Amino acid sequence: MSKSKPPGLPPAIFLMGPTATGKTDLAIELCQALPCDIISVDSALIYKGMDIGTAKPTASEQAQAPHRLIDILDPTQSYSVAEFRRDALQAMSEISAQGRIPLLVGGTMMYYKALVDGLSPLPPSDKAIRAQLESQAAEQGWQVLHNELARIDPVAAERIHPNDPQRLIRALEVYHLTNQSMTELQKTKSDPIPYSLSQFSIVPQDRAVLHSRIAQRFETMLEQGFQTEVEQLRARGDLHLDLPSMRCVGYRQMWLYLDGQFEHKELLEKGIAATRQLAKRQLTWLRGWEKIHTLDTFAKDNLTNVIKLSKLQL
RNA sequence: GGCGGAAUGGCAGAAUGGCUAUGCAGCGGAUUGCAAAUCCGUGGAUCUCGGUUCGACUCCGGGUUCCGCCU
């Protein structure tokens, strides 16, 4: 073990990137070359029974390289960034303790963000308060809630748009739960991540190529029985479109298709478009990301480069 | 071949003489316990040639293409 960094922080590797760019393949190669253990950073792979539509690593891929934080929840459940951060840090410390390197792989960029930068001591969500705020909005309109937020937390109201129910509810919820404004609480932040990070993203250089890979992959999912997978989830009877799991890209569109909301041709269009939009948002996160090495999906020397660039910080 | 109808942005689709809708897709951005979520912003069009008119997506004529019906 080499140790060139005075603080002696253990190493960790991040492999980020939009959907359909080859993260899993490279991660498995890395595991064969370095003493790495994979931690999934993906808000959809956490769900059991959602395999085809999430492009979950196959059984044989997982046999080659076990992934942590996959299949940890039932689709009726929900997860959160804070839970992810807790679970990921736990897994990272276990891996490091064994003298191995945590390799974080996935595309849920807010999870990475929270992991690297930490979170503020905000309270967890509260179902009852959310339900109450939502019914208030249904009666009085979201503008009323926004006005209320402007009174208790003008700074947050400034940046949260009145049409953004998710953030509006969260900001009000925080206040109701703590009697302090979100802005006040966000002045405190948890410690930075105690690892020496090597961060990579993998992306095809040409957007058109990314788009065609996305289209191809969605069609492959259909061939692999994606419709049946969603039919089975529907048949359980306890799932619905308001659950985070069923709002995942592809699942939502398939659900609506099975409801008879549109034709098969539109399913294809809408599923692919939703995936492209996801990729675009992921690219937006990546564009401003600090200390990142960008790899090209089609480069032949990605493995070599990751090893070389990671060692610089080991 | 004849008759009728239609041609508007990548797609769908309004506007019948004077402010060039709108939706979807695309593109850019935001992002602190649902994030594969949620939200914000945004370029781009009247098939072609001529005519009428102060002014044409709109009215008239020629052409082209498409659709339907008939022979």
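So that the names make sense, note that chain A is the first sequence line, chain B the second, and so on, each numbered from 1. On a predicted model such as this, the values are computed, not experimentally measured, just so you know.
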Measure distances between side-chain N and O atoms of A:R167 and base N and O atoms of B:A37, and say whether any donor-acceptor pair falls under 3.5 Å.
-> yes

Less than 6.0 Å separating the ring centroids of A:F226 and A:Y251?
-> yes

Base partner of B:C3, which must satisfy Watson-Crick or wobble distances under 3.5 Å | B:G68

Under 4.0 Å: is that the gap between some side-chain N or O of A:R276 and OP1 or OP2 of B:G26?
-> yes

Hey, is the side chain of A:S125 poking within less than 4.0 Å of OP1 or OP2 on B:C34, counting only N and O atoms?
-> yes

With rounding to whole Å, what would you report as the distance between B:A7 and B:C60 at their P atoms?
-> 13 Å

Integer angstrom distance from the C1' of B:U16 to that of B:G10 | 27 Å

Both distances under 3.5 Å, Watson-Crick or G-U wobble: report the partner of B:C27, or none.
-> B:G41

Set out, line by line, the N/O atom pairs under 3.5 Å between protein and nucleotides 40-42 of chain B.
from	atom 1	to	atom 2	distance (Å)
B:C40	OP1	A:N163	ND2	2.7

Say you pick atom C1' in B:A56 and the same atom in B:C19; how far apart are they, in whole Å?
-> 16 Å

Is the base of B:A36 touched by the side chain of A:D42 through a donor-acceptor pair closer than 3.5 angstrom?
-> yes

Establish, from distance only, whether the side-chain atoms of A:Q64 and A:Q32 form a donor-acceptor pair under 3.5 Å.
-> yes

Strand partner of B:G33, provided both Watson-Crick or wobble distances fall under 3.5 Å | none

For atom CZ of A:R207 and atom P of B:G26, their distance in whole Å | 10 Å

For the residue pair A:Q180 and A:E184, confirm or rule out a side-chain donor-acceptor distance under 3.5 Å.
-> no

Considering just the side-chain nitrogens and oxygens of A:R130, establish if one lies under 4.0 Å of OP1 or OP2 belonging to B:G33.
-> no

Any side-chain N or O of A:Q277 under 4.0 Å from OP1/OP2 of B:G26?
-> yes

Are any of A:R281's side-chain N or O atoms less than 4.0 Å away from OP1 or OP2 of B:A36?
-> no

